[in-house]
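Presented below is the structure to which this report refers.
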Amino acid sequence: MESYDFKEIEKKWIPRYEDFDGYKGVDFENDREKFYMLIEFPYPSGSGLHVGHAFSMTAADVYARFQRMRGKNVMFPMGWDAFGLPTENYAIKSGRNPQEITKEVTDTFRMQMKRLGFSFDWDREIDSTSPEYYKWTQWIFTKLFEKGLAEKKEMSINWCPKDKIGLANEEVIDGKCERCGTEAEKRTISQWVVKITDYADRLINGLYDTEFIEKVKAAQINWIGKKEGVKIDFEIENSIHRIQCFTKFPETIFGVTWIAIAPEHPLVEEIAAVRNTETRNDDEGHSDTVTQEILKYLDETKKKSEFERTSGVSEKTGIFTGVYAINPVNGKRVPIWIGDYVVANFGTGAVMGVAAHDKRDYMFAEKYGLEIVQVEVPENDPKYVIDAYEKVIEDGLMVNSGKFNGMKAREEAFRAVSNWMVGNEWATKKVEYHLRDWIFSRQHYWGEPIPMVYCENCARDEIGGTTQSHSTTVSQNAGWYPVPATDLPVVLPDVEKYLPTDTGESPLANIKEWVETTCPKCGGKARRETDTMPNWAGSDWYFLRYCDPHSIDVLAEQKKMEYWLPVDVYVGGDEHNTLHLLYSRFIYQFLWDLGAVPKNIPEPYKKRISHGVILGPDGNRMSKSKGNVIVPDEFMEKYGADALRTYLMFMGPFDATMAWNERSLIGVKRFIDKLHNYVCTKIGGQTQGSDSREYSGSTRPTVKILVNKLVRMAETDMANFKFNTVIAKLMETLNNLTREETEISREDLGSLIKVLAPFAPFVAEELWEKIGGSFCIHSTPWPVVDEKYLVDEKVKVTVAINGKMRAVIVVAAGIKETELISLAKQEEKIVKYLNGGKILKTIYVKDRMLNFVMKV
RNA sequence: GCCGGGAUGGUGGAAUGGUAUACACGCAGGUCUUAAAAACCUGUGGGAGCGAUCCCUUGAGGGUUCGAGCCCCUCUCCCGGCACCA
């Protein structure tokens with residue numbers, strides 16, 4: 001078969017797509033319904049557009065083109081999330097400046113995207129590294145500060161010694177830096193921290209207003225990790241201090257047999273002191289030994305890395321302090337232990353030990369011979385005694401729990417016990433979250449400068465009036481002032497060296513004339529913040545900027561956002577579920593509170609869809625070291641952009657993980673060749689009519705039936721991102737049409753091409769022109785289905801005996817049941833089975849199946 | 001451990017509770033060719049049979065149903081997310 005000349009076709013149509021108005025979203029248009037199609041904007045890396053980009057962007061493009069043909073006013077924008085470490089590292093290595101590098105790579109990306117036929121609205125292109133853009137990223141930060149959501153804190157953070165950068169919790173995977181795999185260290189530096197935790201509840205509740213796919217919602221809810229429970233104060237014997245424990249299971253309070261505190265717990269010293277006074281009274285020598293042992297233990301735990309301690313691989317260890325606490329519900333004395341399984345910065349840094357009903361507690365109790373008090377038994381086995389940690393009782397009854405005995409665990413007892421406890425001064429209801437505050441400082445050059453200024457004089461004045469808090473992390477906001485909006489953006493200055501400093505300061509710290517500035521408050525001498533923002537900052541709000549990309553006075557005009565928002569479909573990767581997607585929802589909610597975004601739109605994204613992953617031909621994740629990386633350009637060159645796009649969509653379900661297979665791509669190329677030839681042959685000699693009257697003979701030409709069924713199927717599946725089945729149906733239809741060898745009207749040829757058009761825009765454009773259509777096919781309406789061709793005149797009815805298929809008979813559609821039964825009873829194959837048996841029941845599903853239920 | 005999603009031919013995958021294996025790849029045979037490639041045609045889940053035909057088959061085992069790949073229960077394994085989180 002002849003191969004069509006895709007190179008010629010692409011060469012012809014790419015220039016015509018440049019600045020083509022049909023691909024532009026029109027602000028405020030009322031005739032058409034708006035549709036905001038968003039795909040995550042890429043980080044433009046030096047290696048060019050990846051096949052993963054090509055895959056997800058093609059899907060978004062197919063969807064955008066489809067929606068346009070369905071008559072929507074589609075906004076489908078693209079931009080660059082260009083701040084980030086790889087560019088900075090490349091700049092360090094090559095000695096070139098990141099601005100220049102960024103321009104180069106974005107040019108490459110843009111060109112590749114155009115070659116792939118993506119119908120982006122290039123008028124709305126944005127670049128997160130342009131001062132016009134990051135002016136507003138900075139503005140948002142100043143607002144966060146003004147509203148008390150940004151704080152400068154001396155904090156222990158994850159630190160990557162190789163990248164020389166602070167990492168957010170989310171950027172540490174298995175104790176290692178997400179980017180380079182180096183073991184993360186702990187460092188204490190002064191950092192800007194954004195209190196995303198203040199929005200934890202809203203971030204959960206807001207999800208109920210969205211149509212995100214289940215796994216995305218689950219991932220976010222899980223990450224936020226809301227836990228409702230009770231905070232209980234335990235008195236320490238011979239001390240005025242109390243240990244606070246948080247528990248999700250307050251109903252197990254009668255089962256507490258020890259308290260464990262983290263080695264870093266602020267009361268460790270106090271407890272050691274209690275121990276000393278106690279023992280000095282009776283046995284001095286012994287006291288020293290115990291204290292020595294505790295100190296030794298603390299020393300050992302400190303040597304363990306955070307990863308070792310929290311990965312769950314190491315065995316839990318602990319040491320008895322020699323001091324006791326009092327369980328307030330029953331006055332029971334329980335030993336206080338120091339345990340390395342207790343996480344200092346979660347909850348209160350102290351936990352109550354309930355060995356009978358917690359796996360980890362059980363193991364700890366067994367190891368150190370601690371008492372085990374069971375407070376729950378299974379409902380049907382009240383004598384049951386827990387003998388292994390696996391046996392955790394889910395639905396049971398309370399025992400050994402005073403007046404709560406016999407209550408149902410866990411809901412009833414949970415409510416009763418916690419309500420009773422919080423009636424006392426030693427217990428309060430408390431909600432804990434897994435979500436942590438967002439560390440917002442990076443000690444790097446290639447990012448948005450944090451627009452803050454520190455004035456020592458003003459700081460002194462401020463501190464005079466405030467009291468110090470006892471929190472482990474102390475806010476140091478005193479003396480810090482946001483750069484006024486009129487002075488934004490704080491432009492990233494040129495530097496000579498992009499290399500971060502070992503002291504943990506960004507290279508900006510070395511530029512004296514930039515750092516030194518005046519205090520926005522007193523006008524005196526002050527210093528700029530030299531840290532920059534994390535790479536998430538620019539992507540938090542980019543989808544708002546697309547609504548009004550050239551705005552100067554505001555981040556985007558309210559009216560324009562009101563028109564376009566919310567984003568109708570947002571395509572992205574699962575790796576961003578708890579990062580970008582959560583951060584940007586938070587920032588949107590914050591801007592909503594500020595009144596900077598439309599009041600009637602509380603959530604920015606209506607629907608979120610996850611794209612799948614393309615593996616290398618060997619079935620492994622693509623990586624340079626494995627040598628299995630697929631570069632889209634190579635295959636565009638060999639088979640054309642249309643074939644590549646169509647193949648990507650044909651590979652499998654949109655959210656699946658699929659291995660690259662060039663043979664399959666060739667198969668798709670063959671199909672496009674076939675379709676191209678089919679259309680060319682059909683329009684070859686004669687001029688075809690434009691409607692069904694042209695078909696001679698039948699009032700129900702097979703061609704009409706095939707085409708209408710195709711269109712109906714395509715429009716339903718396209719809407720649900722089921723592109724692989726649409727292409728399969730298109731292939732099937734073409735196979736059937738070729739077999740038919742009949743005439744086909746221009747209208748029906750047109751419908752065929754239109755179904756292909758979103759997938760293979762260039763060849764579709766060419767064929768559309770060939771059959772006499774005018775530019776551009778993607779601006780023409782989607783074919784209208786003529787329902788009468790969807791209804792079959794004759795149907796195949798399955799005849800079954802006891803649900804087992806025995807025959808298929810062809811009858812007129814809508815046949816009466818009685819008529820069908822008598823026809824079926826005459827069928828040879830059926831007669832055989834009916835003979836001698838008795839029909840107990842007959843089940844008839846209209847036009848589909850008839851089932852005789854017989855006595856066996 | 002918790003949460004989310006899976007398991008269908010040699011492979012990627014189709015199947016509103018109603019003919020399982022669409023579509024494609026691969027493979028086999030054929031046409032064309034001196035030959036090969038490409039292209040095209042035919043066949044292709046497993047088993048029994050010369051054959052018509054019959055039996056079996058959607059990770060395993062139960063259940064609901066006239067009828068289950070699909071719904072329910074139990075289990076195994078795989079992928080993704082979270083996790084000494086109290």
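Residue numbers begin at 1 in each chain, while the letters A, B, ... track the order of the sequences.
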Closest listed nucleotide, where the reference is the side chain of [X] and the choices are [options]:
X: Lys674(A); options: A22(B), G13(B), C40(B); value: C40(B)
X: Lys316(A); options: A22(B), A83(B), C84(B); value: C84(B)
X: His434(A); options: G81(B), C82(B), C66(B); value: C82(B)

Specify the separation, in whole Å, of atom [atom1] of [X] and atom [atom2] of [N].
X: Met713(A); N: A15(B); atom1: CE; atom2: P; answer: 7 Å
X: Ile830(A); N: U19(B); atom1: CD1; atom2: C1'; answer: 12 Å
X: Ile801(A); N: U19(B); atom1: CD1; atom2: C1'; answer: 15 Å
X: Lys227(A); N: C2(B); atom1: NZ; atom2: P; answer: 14 Å
X: Lys846(A); N: G67(B); atom1: NZ; atom2: P; answer: 25 Å
X: Arg621(A); N: G80(B); atom1: CZ; atom2: P; answer: 7 Å
X: Leu730(A); N: A22(B); atom1: CG; atom2: P; answer: 18 Å
X: Lys829(A); N: C55(B); atom1: NZ; atom2: P; answer: 12 Å

Anti versus syn assignment for G4(B), with syn defined as within 90° of 0: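 Anti for G4(B); the angle lies over 90° from 0.
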Determine which nucleotide pairs with [N], using a 3.5 Å limit on both distances of a Watson-Crick or G-U wobble pair.
N: U76(B); result: A7(B)
N: G29(B); result: C41(B)
N: C23(B); result: G12(B)
N: U58(B); result: none
N: C2(B); result: G81(B)

For [N] and [X] - does any side-chain N or O of the residue sit under 4.0 Å from the phosphate oxygens OP1/OP2?
X: Asn735(A); N: A24(B); answer: yes
X: Arg360(A); N: C84(B); answer: no
X: Lys215(A); N: G5(B); answer: no
X: Lys722(A); N: A15(B); answer: yes
X: Arg806(A); N: C55(B); answer: yes

Considering only the P atoms, how many Å lie between A14(B) and G9(B), rounded to the nearest integer?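 My reading of the P atoms in A14(B) and G9(B) gives 14 Å.
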Cation-pi, Tyr570(A) ring and Arg608(A) (6.0 angstrom, 45 degrees):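 So Arg608(A) does make the cation-pi contact.
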Earlier contact from the 5' end, RNA chain B, for Asn222(A) and Phe249(A):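 Between the two, 5'-proximity favours Asn222(A).
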Going by an N to O cut-off under 4.0 Å, is there a salt bridge joining Glu637(A) and Lys7(A)?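 Answer for the salt bridge query: yes.
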Is Asp792(A) salt-bridged to Lys709(A), cutoff N-O under 4.0 Å?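 Yes, this pair counts.
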Heavy atoms only, 4.0 Å cut-off, all strands: where does Asn724(A) land among base, sugar-phosphate and nothing?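 Sugar-phosphate only.
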For residues Trp258(A) and Phe364(A), establish whether the separation of their ring centroids is below 6.0 Å.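 Judged by ring-centre distance (under 6.0 Å), Trp258(A) and Phe364(A) do meet the cut-off.
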For the rings on Phe586(A) and Trp536(A), is their centre-to-centre separation under 6.0 Å?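 No, they do not, as the ring centres are separated by 6.0 Å or more.
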